[in-house]
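All of these numbers come straight from a predicted model, not from anything done at the bench.
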Amino acid sequence: MKVSVLLPFCLLPFAAEAQQAVVIEHATLIDGSGGAPLQDAALLLEGGRIVRIAPTGRIETPAGAETIDAAGKTVIPGMINLHGHVGLTKGLSQAQEYYTRANVIENLGVYAAYGVTTTTSMGTDLDLVAGIRDEIDGGSLTGIARVVPALQGFTVRNGYPTHAPGVKGLAQEVTSAQDARKRVDMLAGKGARVVKMWVDDHHDTFDKLTPDLYGAIIDQAHKRGLIAAAHLYELADAKGLVDAGLDAIVHSVRDKEVDGGLIRRLLAKNVAYSPTLTREKSTFVYADGPAWPADPFFANRVEAAILAALKTDLREAQAKDPERQINIDGFHMAMRNLKKLADAGVRIGFGTDTGPPGRFPGYFEHWEAELMVEAGLTPMQVIRSFSKNASEALRIDRERGTLAEGKYADLIILNKNPLGNIRNLREMDAVYIGGVRVSPAGAPR
Ligand SMILES: [Zn+2]
């Protein structure tokens, strides 16, 4: 008798055993669509996916499933970051030799611990990241954030940001429209799903992509089924890029207040706009000796030597930065523009530009959410920006984004409801990616 019960278990494949079914009960469910939360909800996670969402008591619990009583807790979608970078940074420096499988996996592990279940890597990548992406999405590599890499982004010869450490040779320096099209084809062949462009003369210090070049990149990207995303700074470039068919703006417009002309263009094509407010802050905040690096939610995940360098090397460098005032003004313009665009109904897609030195994956996504609320958005708008909006912008919404039956089980269980206070996003009880539980930052490990 005993043997006949045990035998089927012995024959179960390992993967099925690793992904035990989970039923989360009595939760407040915020699904990321922007609609009213569902009270006393239950979710069945099985095989890495959300199999069923229903009122508690209306789901049949499969034999052997783990049941989680989430009474008083809130379930939200995992965060999707429309603008991140992986692999290139160690401590406070950046170099191509750091870009290893181990470093990429470590970075994705940090994102995961803070509830970022998908990040992009925007154009400063080695090809090896595409293989890691496939392993994660195939379920053979678990416990880390998923990644959507743009591989090698586009600029002009010696254009921004080829001066940045480690970027020369990764950013593709295009010379003609024909050259640009060939390079987009090459990226498509290597498995990129997003094409990244830098359109920035950095206050007249670099040449930048011209409309004929970025027009060719965007057109060829669309021919190959890829999403076209751009780093930019100026309002005029934003308009030109959207006219050329751009899908996502992955920084704030910072030189001017956005106007009706840009708003009309963004609404007409439902272009995503990613504010990266923390990126702006990171360019000057360290000079002020901020208190947050001592916050355990940050400090527990960062080496002591790096924490010390924030207060010394980086602080001194930023204090004497000749662009300091420009950076501060740019941040305030970004805050105003975000509110104006959100009020106009533009698709705000959550993004931070984390990964480069001084811009810390995970912690900065939480700070970004807080800054978005400071800019005037509601917590519900922020949640929608990192679930529905970001997933649609990346065209991964069939499997990710809002919490719905059939999608990946990528979600966060929070001890407190974030709708009243966005800082409750930090109160993570558990993070799930593909139904696999990840130990969250701030929780006992
Ligand atoms: Zn970036």
Electrostatic pair E234-K256, nearest N-O below 4.0 angstrom:
no

So, applying ring-ring contact (aromatic ring centres under 6.0 Å, His included) with F364, which one of W292, F298, Y111, F350 is it?
W292

E368 side chain to T278 backbone, donor-acceptor under 3.5 Å
yes

Would you say that more than 12 heavy atoms from the other residues, nucleotides or ligands in this model lie under 6.0 Å from the NZ of K182, or not?
no

Would you find a donor on one side and an acceptor on the other, under 3.5 Å apart, between the side chain of T117 and the backbone of I433?
no

Sidechain N-carboxylate O distance under 4.0 Å for D329, R324:
no

Do D179 side-chain atoms and T175 backbone N/O form a donor-acceptor pair below 3.5 Å?
yes

Quick one: sort the H202 and F206 rings into parallel, tilted or perpendicular, breaks at 30° and 60°.
perpendicular

Mark yes or no for whether K196, through its side chain, and M122, through its backbone, hold a donor-acceptor pair below 3.5 Å.
yes

Are side-chain heavy atoms of I413 and T74 found at a separation under 4.5 Å?
no

With salt bridge (Lys or Arg N to Asp or Glu O under 4.0 Å) as the test, pick out the partner of D185 among K190, K223, R224.
R224

Checking the side chain of E405 only, and the main-chain atoms of I53 only, is there a donor and an acceptor separated by less than 3.5 Å?
yes

Looking at N424, is its backbone amide N or carbonyl O close enough to the side chain of K416 to form a donor-acceptor pair, meaning the two atoms are under 3.5 Å apart?
no

Between S274 and H83, is any side-chain donor less than 3.5 angstrom from a side-chain acceptor?
no

Flag the pair E370 and R426 as a salt bridge only when some basic side-chain nitrogen lies within less than 4.0 angstrom of an acidic carboxylate oxygen.
yes

Can you name the closest pair of heavy atoms from Q94 and P357 and give their distance?
OE1-CD, 3.2 Å

S252/E280 under side-chain hydrogen bond (donor to acceptor under 3.5 Å, both in side chains): CA gap, chis, key distance, verdict:
CA-CA 9 Å; S252 284; E280 303 320 314; 5.9 Å; no

Using the six-membered ring wherever Trp is involved, compare the ring planes of Y114 and Y363 and label them parallel, tilted or perpendicular (cut-offs 30° and 60°).
perpendicular

Output yes when K208 and D200 qualify as a salt bridge under the 4.0 Å nitrogen-oxygen rule, no when they do not.
no

Salt bridge (charged side-chain N to carboxylate O under 4.0 Å, His left out) for E46 and R52? Distances and angles first, verdict last.
CA-CA 9 Å; E46 203 170 16; R52 189 124 158 71; over 6 Å; no

Can you check whether K73's main-chain N or O pairs, donor with acceptor, with N415's side chain at less than 3.5 Å?
no

Do R254 and F331 meet the cation-pi criteria used here (NZ or CZ under 6.0 Å from the six-membered ring centre, within 45° of the axis)?
no

Under 3.5 Å, side chain of Q381 to main-chain N/O of T378, donor-acceptor pair present?
yes

For the pair V253 and Y233, evaluate side-chain contact (heavy atoms from CB on, under 4.5 Å) and give the outcome as yes or no after the intermediate values.
CA-CA 5 Å; V253 169; Y233 187 91; over 6 Å; no

R193 side chain vs L226 backbone, donor-acceptor pair below 3.5 Å:
no

Among R49, K407, R146, which residue satisfies the salt bridge (Lys or Arg N to Asp or Glu O under 4.0 Å) criterion with E399?
R49

Any Lys/Arg nitrogen of D31 or K388 sitting under 4.0 Å from an Asp/Glu carboxylate oxygen of the other?
no

Exercise: do T162 and N158 side chains pair donor with acceptor under 3.5 Å:
no

In the structure I gave you, are the side-chain heavy atoms of R101 and I132 within less than 4.5 Å of one another anywhere?
yes

Quick one, Y432 and I412 - any side-chain contact, counting heavy atoms below 4.5 Å?
no

Under 3.5 Å, is there a donor-acceptor pair between the side chain of D237 and the main chain of L232?
no

Ignoring hydrogens and angles, state whether a donor on the side chain of D125 or Q152 is under 3.5 Å from an acceptor on the partner side chain.
no

Before giving the answer on side-chain hydrogen bond (donor to acceptor under 3.5 Å, both in side chains), spell out for Q318 and D288 the whole-Å C-alpha distance, their side-chain angles and the decisive distance to 0.1 Å.
CA-CA 9 Å; Q318 290 196 349; D288 306 328; over 6 Å; no

Around D343, counting heavy atoms of other residues, nucleotides and ligands shown, do more than 12 lie under 6.0 Å from its CG?
yes

Distance alone, cut at 3.5 Å: any donor-acceptor contact between the side chains of Q39 and T28?
yes

Without hydrogens or angle criteria, can the side chains of T352 and E365 be said to hold a donor-acceptor pair below 3.5 Å?
yes

Give a yes or no on whether R395 atom CZ has more than 12 heavy-atom contacts from other residues, nucleotides or ligands under 6.0 Å away.
yes

Without hydrogens or angle criteria, can the side chains of H85 and N107 be said to hold a donor-acceptor pair below 3.5 Å?
no

Hey, can you tell me if H366 and F297 have their rings parallel, tilted or perpendicular (30° and 60° cut-offs)?
perpendicular

Polar side chain donor-acceptor pair, R400 to S391, under 3.5 angstrom
no

